[in-house]
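Below is one structure, written out as structure tokens; comments come after it.
All of these numbers come straight from a predicted model, not from anything done at the bench. Here is how names work: the chains are called A, B, and so on, in the same order as the sequence lines, proteins then strands, and each is numbered from 1.
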Number of protein chains: 2
Amino acid sequence: MDRGSWNGDSMTADARPAAPALTERQEARRRRILHASAQLASRGGFEAVQMREVAEAAGVALGTLYRYFPSKIHLLVATMQDQLQHLHTTLRKRPPAGDDAAQRVAETLMRAFRALQREPHLADAMVRALTFADRSVSPEVDTVSRLTTAIILDAMGLEHPTPEQLSAVRVIEHTWHSALITWLSGRASIAQVKIDIETVCRLIDLTAGPDRG
Amino acid sequence: MDRGSWNGDSMTADARPAAPALTERQEARRRRILHASAQLASRGGFEAVQMREVAEAAGVALGTLYRYFPSKIHLLVATMQDQLQHLHTTLRKRPPAGDDAAQRVAETLMRAFRALQREPHLADAMVRALTFADRSVSPEVDTVSRLTTAIILDAMGLEHPTPEQLSAVRVIEHTWHSALITWLSGRASIAQVKIDIETVCRLIDLTAGPDRG
DNA sequence: CGCTAATCTAGAACAAGTTTCAGACTTGCT
DNA sequence: AGCAAGTCTGAAACTTGTTCTAGATTAGCG
């Protein structure tokens with residue numbers, strides 16, 4: 001998991017055929033766009049991110065915006081990648097300090113959760129985009145998924161997880177996303193999300209335990 | 001968990017503040033709309049369900065369609081309610097026959113999964129609508145959620161679940177929805193979904209065990 | 001039956017995502 | 001510098017969800 005360059009396709013040549021090496025001004029444009037997107041999302045959530053407004057706020061033409069991000073969903077998923085990166089960096093600086101893996105994962109996720117709570121509208125926009133994404137966004141969504149997996153594995157302190165453990169991690173991710181959605185749409189309280197996260201984290205002990213029997 | 005009519009606006013006055021007792025022709029219209037919706041969804045998924053086309057196929061004016069279902073999301077969530085009802089009925093006729101609760105739940109969910117596999121476009125439309133729904137659709141989404149919970153509890157054979165068990169069921173639902181999405185968007189194979197379902201179902205043993213000790 | 005309120009219809013109009021296009025600007029190359 | 005290819009801009013057009021309006025139809029009721 002190399003930090004820095006972002007869709008670390010350094011060795012896996014599968015996903016993007018070729019990120020065509022942006023010039024400096026292009027990189028700047030890209031960042032302005034992502035910034036505008038996050039800003040608008042923070043205000044009013046998914047619907048407040050209107051392509052015309054993003055373009056204007058970023059100082060680019062609408063056509064250019066669409067050249068960089070082929071749809072609103074792509075844009076918001078990219079925004080989520082961006083935010084997750086920040087989170088991952090932050091978490092690396094202060095790793096969770098629980099006794100066992102399950103505790104550390106639960107603590108990590110709840111920390112992430114509180115970060116999202118501070119910008120509920122932004123969270124709304126990103127998560128809605130993520131789950132609404134169709135096949136055309138699969139590579140980008142997959143990147144987000146890998147990032148999330150990396151964060152969880154970090155918390156578990158695992159280098160070489162077994163397939164069983166990977167499955168547990170996937171289930172934790174499922175729960176995380178879905179719980180987030182129910183919270184965002186007001187159908188679950190934060191307390192309930194906490195309980196669900198803690199519940200699913202028990203799977204970690206379950207997959208770690210039998211191994212040593 | 002009362003069995004019987006499920007959308008039962010007829011007598012159970014719980015969910016909707018006042019379903020204003022539709023006339024026969026109105027009931028017929030409503031059914032034509034839902035039918036048209038499912039039909040179009042079966043063909044081309046979420047995007048193929050276009051409100052003008054639904055209205056035309058159902059033989060109602062666009063304004064009428066919006067009177068019955070205030071948005072495309074409402075319409076598709078209602079469609080999902082409808083389909084879940086069918087599923088629930090079917091499952092009741094042939095309950096799963098596993099030895100322990102976890103097995104039965106996993107089998108039930110995989111059966112539901114195979115049913116959805118037969119109409120992947122329909123599944124796509126319904127699930128995307130469900131997870132994209134915002135607060136304005138909360139009551140309807142909640143109904144779907146309760147239906148799903150009922151199906152799982154049925155499979156477990158529980159009448160009076162403990163809070164702990166309810167939490168496990170919620171986590172299973174989270175996993176179910178999210179796994180469905182990853183499959184629909186082509187990011188996970190059916191085999192992987194099966195593994196994830198089985199993994200999360202282990203939580204059932206975990207919450208059932210301590211209780212009876 | 002005849003009245004009134006509610007519902008339904010056809011169609012225009014509006015909103016926001018997406019596409020398109022002609023012309024201006026950059027970039028890379030020789 | 002000068003040219004070719006690619007990129008960016010501004011604006012209009014197109015699509016589909018949603019809203020609105022005026023007039024026709026229907027339902028409930030005396």
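Computed from coordinates, the Ile73(B) CD1 to dT16(D) P distance equals 16 Å when rounded to whole Å. Distance CG (Asp134(A)) to C1' (dG17(C)): 14 Å, rounded to an integer number of Å. Between Glu24(A) atom CD and dC8(D) atom P the separation is 15 Å, expressed in whole Å. Taking atom NZ of residue Lys72(B) and atom C1' of nucleotide dT15(D), one finds them 12 Å apart after rounding to whole Å. When rounded to the nearest whole Å, the span between CE of Met51(A) and P of dT9(D) equals 14 Å. The separation between Glu56(B) atom CD and dA10(C) atom P is 10 Å, rounded to whole Å. To the nearest angstrom, P of dG17(C) lies 12 Å from CZ of Phe132(A).
Considering only side-chain N and O atoms, Gln26(B) lies nowhere under 4.0 angstrom from the phosphate OP1 or OP2 of dA6(C). In this structure, Arg52(A) does not reach the dT18(C) phosphate: none of its side-chain N or O atoms is under 4.0 Å from OP1 or OP2.
With no hydrogens or angles considered, no side-chain donor-acceptor pair links Ser138(B) and Ser185(A) at under 3.5 Å. For Thr89(A) and His86(A), the side-chain atoms include no donor-acceptor pair closer than 3.5 Å. In this structure, a donor-acceptor pair under 3.5 Å is absent between the side chains of Arg25(B) and Thr23(B). Neither side chain, Glu173(A) nor Ser178(B), offers a donor N or O lying under 3.5 Å from an acceptor on the other.
Rounding to the nearest 0.5 Å places OG of Ser167(A) at 8.0 Å from CZ of Arg202(B). Interatomic distance, Ile152(A) CD1 to Leu91(A) CG, rounded to the nearest 0.5 Å: 11.0 Å. Here the OG1-CZ distance, from Thr199(A) to Arg170(B), works out to 7.5 Å after rounding to the nearest 0.5 Å.
Residues from residues 57-70 of chain A with heavy atoms under 4.0 angstrom of DNA chain C, sorted by number: Leu62(A), Tyr66(A). Residues of residues 35-47 of chain B that place a heavy atom closer than 4.0 Å to DNA chain C do not occur.
Nearest-nucleotide positions on DNA chain D place Arg29(A) closer to the 5' end than the other of Arg29(A) and Arg25(B). Toward the 5′ end of DNA chain D lies the nearest nucleotide of Val49(B), the other residue of the pair Val49(B) and Thr23(B) mapping further downstream.
Glu56(B) and Arg52(B) are not joined by a salt bridge, as no carboxylate oxygen comes within less than 4.0 angstrom of a charged side-chain nitrogen.
Checked against the 6.0 Å centroid criterion, the rings of Phe46(A) and Phe132(B) qualify as a close aromatic pair.
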